[in-house]
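Worksheet: one structure, shown below.
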Amino acid sequence: MASKRIHFIGGGQMAEAIIRAIISNHTAAAEHISVADINDERIRFLNETYGVQTGVRQETALAEADLIIIAVRPQDNLAGVGRIISQHAAKESAIVSIVAGVTIEKLVGYIGDDRSIIRVIPNTLTDTGLGYSGAALNALAAKEQVDDFLNGFGKVQYLDESLIDIFTGYGVAGPNYVYYFIESLADAGVLAGLPREQAWQVALENVTGAVAMLRHTKLHPRQLLDINNSPGGVGINGLYELNNSDFAAGLQRSVLAAVKRTTELGKGHS
Ligand SMILES: NC(=O)c1ccc[n+]([C@@H]2O[C@H](COP(=O)([O-])OP(=O)(O)OC[C@H]3O[C@@H](n4cnc5c(N)ncnc54)[C@H](OP(=O)(O)O)[C@@H]3O)[C@@H](O)[C@H]2O)c1
């Protein structure tokens, strides 16, 4: 992978997060990464901050790239981006689109039906190496073309394109639910009387520890709840209130709302 050439079209927030991660964990060297963006200031910033190539002509960068990452917004000139790729990119390169809501069928319409196209919904935990991106491949694409790259900013699950919206609302939006849970939990500690910093540290440790415990024991959460909750005890009294709050259904409704919104945005509803 270290010698693969990667060209980004669009050097915004998501491209930067991916670039920072893949350079820092040596998935790709800065001299093998090029970026084109219509915003000169952005280009200068990325070059000065990460040492990526920004002076190469787009045509040359496309011709030399093994991976081409489309990282513009859905409302940007995707037809123009597709045209320049189809004119200049090497036929054996793989085209990765991270543009939310744009289907492989639409990408084929812009780029042509004779290329490897991979539609990716990137995870946003890029700096941690954790979190799953979702990737759907067209018939010409192979996992080996993108596996190292996608694992360079987290992990990856390959899926049928029909599951991408669900993956977005449940998986990629997933850290939001967890951030909100942790914030609410720390607030509960403060409400009960613990100093904020102590409540915060305990919340973080409990979330990390509970995940580690599930992985370590391979037990189902219900089994661990049964072990922790003695008859009439502290835990079961707390859980009774949580059940009364509609916690599980509320969480599940929020995931369904996120999935629904993903689908609406993909259809062009603002
Ligand atoms: N941010 C996330 O968490 C996230 C998560 C999943 C997926 N995505 C997807 O990732 C894509 C990028 O999102 P983002 O948050 O990084 O957006 P962003 O920060 O606005 O980045 C897009 C960049 O592309 C540039 N651009 C527009 N048209 C161009 C063209 N024809 N050629 C070259 N550069 C062009 C824009 O320049 P100007 O600003 O000058 O127009 C901007 O710098 C989106 O499609 C989004 O759906 C983002």
Side-chain angles (χ1 to χ4, degrees), residues 6-22 33-47 49-50 52-62 65 67-89 95-104 106-107 110-111 117-128 130-136 146 149-150 153-157 159 161 164-179 258-259 261-270:
I6 307 173
H7 180 62
F8 285 82
I9 302 180
Q13 297 310 314
M14 198 65 229
E16 181 184 351
I18 293 172
I19 288 168
R20 187 170 57 237
I22 62 177
I33 301 173
S34 53
V35 186
D37 194 293
I38 49 178
N39 181 339
D40 288 341
E41 212 176 295
R42 195 65 200 151
I43 283 293
R44 228 181 348 266
F45 168 80
L46 291 171
N47 173 261
T49 311
Y50 302 103
V52 294
Q53 311 303 301
T54 50
V56 197
R57 288 185 66 226
Q58 171 112 290
E59 291 79 355
T60 312
L62 282 171
L67 283 180
I68 294 157
I69 319 299
I70 306 178
V72 299
R73 288 161 304 211
Q75 65 271 30
D76 291 331
N77 181 9
L78 271 171
V81 169
R83 204 171 316 114
I84 192 167
I85 291 174
S86 80
Q87 282 167 358
H88 300 285
I95 323 283
V96 174
S97 166
I98 65 163
V99 187
V102 178
T103 61
I104 290 178
K106 274 195 209 151
L107 292 165
Y110 295 134
I111 303 167
I117 296 178
I118 299 97
R119 179 180 168 195
V120 171
I121 176 76
N123 97 83
T124 57
L125 301 171
T126 46
D127 290 317
T128 68
L130 300 170
Y132 282 110
S133 299
V146 286
F149 170 70
L150 296 175
F153 53 95
K155 302 173 180 179
V156 58
Q157 288 193 2
L159 34 102
E161 194 180 12
I164 283 262
D165 286 355
I166 300 173
F167 195 87
T168 304
Y170 171 66
V172 174
N176 295 328
Y177 312 120
V178 180
Y179 294 146
V259 172
R261 186 65 183 141
T262 306
T263 306
E264 283 170 4
L265 288 175
K267 287 182 179 152
H269 300 286
S270 53

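Start at 1 and go down the list; that is how both ligands and their atoms are numbered. Given the structure is predicted, the values throughout are model-derived calculations rather than measurements. Computation of the quantities below employed the complete heavy-atom set of this structure, encompassing side-chain atoms and omitting hydrogens, waters and symmetry-equivalent molecules. Numbering of residues begins at 1 and proceeds along the displayed sequence.
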Problem - Minimum-distance protein heavy atom relative to atom 27 (C) of ligand 1 - result: Asp76 OD2, 3.1 Å
Exercise for the section: Under 4.0 Å, heavy atoms only, figure out whether ligand 1 is touched by the backbone of Ala36, its side chain, both or neither. Expected result: backbone
Completion exercise
At under 4.0 Å between heavy atoms, what of Ala71 touches ligand 1? The answer is backbone
Practice task
Could you tell me whether some N/O pair between Pro122 and ligand 1 is separated by less than 3.5 angstrom?
Solution key: no
Practice task
Name the option, out of Val35, Val72, Ile98, that contains the heavy atom nearest to atom 45 (O) of ligand 1.
Solution key: Val72
Can you give the donor-acceptor pairs under 3.5 Å from side chains of residues 165-177 to other protein atoms, not counting sequence neighbours?
from   : atom 1 : to     : atom 2 : distance (Å)
Asp165 : OD2    : Thr263 : OG1    : 2.9
Thr168 : OG1    : Ile164 : O      : 2.7
Asn176 : ND2    : Ala173 : O      : 3.3
Tyr177 : OH     : Gly169 : O      : 2.6

Handout entry: Test side-chain contact (heavy atoms from CB on, under 4.5 Å) applied to Val146 and Ile118, Val156, Ile95, Val120, the passing residue
Key = Ile118
Handout entry: Min heavy-atom dist Asn77 to ligand 1 below 4.0 Å
Key = no
Handout entry: Residue and atom name of the nearest protein heavy atom (relative to atom 40 (O) of ligand 1), distance in Å to one decimal
Key = Asn39 CB, 3.5 Å
Practice task
From the options Gln13, Glu41, Arg73, Met14, select the one whose nearest heavy atom is closest to atom 48 (C) of ligand 1.
Solution key: Met14
Exercise for the section: Could you say whether the N/O atoms of Ile9 and ligand 1 ever approach to under 3.5 Å? Expected result: no
Problem - Protein contact to atom 21 (O) of ligand 1 [nearest heavy atom, distance to 0.1 Å] - result: Gly12 CA, 3.1 Å
Problem - Polar atom proximity, Val81 to ligand 1 (N or O, under 3.5 Å) - result: no
Exercise for the section: Using a 4.5 Å cut-off on heavy atoms from C-beta on, say whether the side chain of Ile70 contacts that of Ile111. Expected result: yes
Problem - Atom pair CD1/NZ of Ile104 and Lys106 - distance to nearest 0.5 Å - result: 12.5 Å
Practice task
With side-chain contact (heavy atoms from CB on, under 4.5 Å) as the test, would you mind laying out the steps for Leu62 and Ile9 before giving the verdict?
Solution key: CA-CA 9 Å; Leu62 282 171; Ile9 302 180; 4.2 Å; yes
Problem - Salt bridge flag under 4.0 Å for residues Glu41 and Arg44 - result: no
Practice task
Check whether any side-chain heavy atom of Asp76 lies under 4.5 Å from a side-chain heavy atom of Val81, and answer yes or no.
Solution key: no
Practice task
Please identify which atoms of ligand 1 are closer than 4.0 Å to at least one heavy atom of Thr124.
Solution key: 3 (O)
Exercise for the section: Please could you name the atoms of ligand 1 that Gly10 approaches to less than 4.0 Å, counting only its heavy atoms? Expected result: 24 (O), 33 (C), 34 (N)
Handout entry: From Ile98 atom CD1 to Phe8 atom CZ, the distance as rounded to the nearest 0.5 Å
Key = 7.5 Å
Exercise for the section: Flag Asp37 as yes when one of its N or O atoms lies below 3.5 Å from any N or O atom of ligand 1, and as no otherwise. Expected result: yes
Problem - Distance-only side-chain donor-acceptor flag, His7 / Gln58, under 3.5 Å - result: yes
